[in-house]
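Heads up: the structure comes next, in structure tokens.
Note on naming: letters A, B, ... go to the chains in the order of the sequence lines (proteins, then strands), and numbering restarts at 1 for each one. Since this is a predicted model, take the numbers as computed values, not measurements.
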Amino acid sequence: MFDLRDLYLQVIVDHNKAPRNFGVLKDYNHDADGYNPLCGDKLHVYVHVNSEEIIEDISFEGEGCAISVASASLMTETLKGKPISDFPDSFESFQHMVTSDINEEPDEEKLGKLAVLAGVREFPSRIKCAVLCWHTLKSAVEDSHEVAKTE
Amino acid sequence: MMDITKIRADFPILNQQLYGKPLVYLDNAATTQKPQSVIDAITHYYECDNANVHRGVHALSERATADYEGARKIIAGFFNARSEREVIFTRGTTEAINLIASSWGGANIRAGDEVVITHMEHHSNIVPWQMLCKHVGATLKVAPINDAGELIIEDFDALLSERTKLVAVVHMSNALGTINPIEHIIEKAHAVGAKVLIDGAQAAAHLAVDVQALDCDFYVTSAHKMYGPTGIGVLIGKEAILDAMPPYQGGGDMIRMVTFEKTEYNDLPYKFEAGTPHISGAIGFGKAIEYIQGIGFEAIAKREQELLAYATARANGFDGLRQIGTAREKACVLSFVLDSVHPHDLGTIVDREGVAIRAGHHCAMPVMQFFKVPATARASFSIYNTEAEVDVLFNALKKAQDIFA
Ligand SMILES: Cc1ncc(COP(=O)(O)O)c(C=O)c1O
């Protein structure tokens with residue numbers, strides 16, 4: 001049976017305790033709010049995309065459960081330094097991983113560290129926590145000026 | 001002495017395992033489980049008596065009508081309503097409050113008037129009043145609470161004036177467990193000429209309510225929080241007030257005579273029950289009340305206080321736990337946050353130990369804002385819970401702390 005330790009892997013606990021890229025960026029050209037009304041998770045994501053269309057810097061702040069904080073931390077770590085044109089693909093891969101069948105192995109080559117979040121599939125009420133930051137970043141890069149939700 | 005083993009045996013759902021562990025159901029403030037007698041009554045209705053009510057001359061319709069109206073009579077007796085005309089079936093507390101806001105509020109609240117609520121209301125006793133006040137240009141006043149989660153009575157008293165047309169207050173808070181001094185509230189509100197609505201969604205399963213002794217104008221509750229089915233609840237109002245109110249919804253059953261020129265409305269309570277009602281729900285509601293009556297509030301209160309005292313003592317001795325809601329007068333609710341674990345993670349972790357609690361804002365976001373927490377974890381108790389189950393909860397909390405240590 002799927003164990004709690006498969007959800008709360010040490011990596012996730014660590015990223016929750018000491019989130020990477022936490023805080024406001026000095027210079028940013030995209031940002032957005034995300035909100036998960038079910039559990040009150042609130043995020044704000046800041047991105048600086050430079051003239052070469054590279055995510056030069058990215059950060060988040062807010063409060064939320066371990067899954068949402070760790071997910072945001074891992075997301076920022078993964079995307080920092082990557083071309084912004086990679087984002088839609090990363091978004092899709094992540095979305096696919098957390099909603100796919102539990103027997104499907106996550107594509108570690110594509111997902112890298114993000115694969116540690118594959119465990120949320122076993123916890124349907126928690127999937128939203130994991131994807132909130134991704135939806136928030138999507139709002140930010142699209143400059144939609146709408147609070148991102150996961151519905 | 002209450003025989004807990006016997007009571008537990010009345011609730012078939014309790015006898016199951018989750019993830020290989022016995023179910024520990026501590027989410028009773030969200031909805032209680034249903035005893036076999038309620039389940040049987042609903043099944044019996046569909047197996048033997050199903051028909052529409054108030055409109056057939058055939059045997060089934062007469063039986064269905066008799067049982068539906070029988071439930072109304074049980075409910076009237078339970079709340080000591082003056083007559084069954086004062087007992088209006090609704091979908092639940094939320095619909096009952098919306099009915100009052102729309103019908104009574106629409107007819108009686110004007111620009112410049114004030115509606116007084118408290119800081120600990122459920123969203124269902126906030127939003128309908130916000131909507132009404134916005135619509136008519138009235139003002140919503142909120143009576144503050146203290147750090148224990150108790151209404152600050154002097155401040156409540158000071159909010160009342162001749163502008164106050166309605167006071168709408170929760171009897172027992174779902175987020176905090178606080179029991180409000182509604183006798184005092186009703187007396188003070190009446191002294192300035194205001195009407196009073198009591199939200200009894202939580203209270204009705206735990207406290208005896210006598211609407212005549214209280215002299216409240218409206219008392220509302222939901223069956224599903226008192227061992228009955230979902231989708232049914234009740235509004236109990238003073239007949240004279242209900243009589244003067246315009247209908248809420250139009251349709252079948254609420255009319256006496258319809259022509260295209262004009263409609264004559266039906267008498268109470270049918271004037272407010274448009275359309276085919278939740279017949280099996282009402283019948284189940286009646287059975288649920290008989291179940292409560294069979295145990296009696298004296299025994300219920302004694303037992304539930306015992307259990308809350310046990311849980312509170314365990315909470316007080318638990319490192320890193322902060323209780324949210326420590327009113328002197330409270331019942332059945334232990335709302336809390338842990339230093340190191342977010343309530344939502346707690347909910348998931350204790351679930352894997354078979355323990356059902358609620359994590360979130362409990363439809364009372366202003367309460368969360370007051371206590372400066374995004375959410376709380378809430379264990380809420382009922383007559384069938386045991387000290388051993390409270391221990392399982394606290395062991396699960398310890399496990400959560402260990403994961404995040
Ligand atoms: C205090 C209080 N009021 C109102 C409600 C709304 O009840 P319902 O959802 O049954 O209409 C609830 C239910 O959570 C409650 O606890």
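Checked by atom type and distance alone, the side chain of B:Lys225 pairs as donor or acceptor with a backbone atom of B:Ala29 at under 3.5 Å. In this structure, the side chain of B:Tyr25 engages the main chain of B:Asp27 through a donor-acceptor pair within 3.5 Å. At distances below 3.5 Å, at least one donor-acceptor pair connects side-chain atoms of B:Thr93 with backbone N or O atoms of B:Ser222. Panel note: side chain B:Thr312, backbone B:Leu308; a donor-acceptor pair is recorded below 3.5 Å. Side chain of A:Thr76 to main chain of A:Ser59: no donor-acceptor pair is present (N/O by atom type, distance under 3.5 Å, no hydrogens or angles). Distance alone, capped at 3.5 Å, places no donor-acceptor pair between the B:Lys398 side chain and the B:Phe394 backbone.
For a residue to count as touching a neighbouring chain, one of its non-hydrogen atoms must lie under 4.5 Å from one of that chain's; by this rule A:Lys17 touches chain B with the side chain only. Contact annotation for B:Met365: only side-chain heavy atoms (C-beta onward) come within less than 4.5 Å of a heavy atom of chain A. Neither the backbone nor the side chain of B:Ala400 comes within less than 4.5 Å of any heavy atom in chain A. For chain B, the nearby part of A:Asn16 is the side chain; its heavy atoms alone come within less than 4.5 Å.
Enclosure of atom CD in B:Gln17 by more than 12 non-hydrogen atoms of other residues, nucleotides or ligands within 6.0 angstrom is indicated.
When the side-chain hydrogen bond (donor to acceptor under 3.5 Å, both in side chains) test is applied to A:Trp134, no partner is found at least two apart in sequence or on another chain.
Applying a 4.5 Å heavy-atom cutoff, the residues of residues 338-346 of chain B that approach chain A are B:His342, B:His344, B:Asp345.
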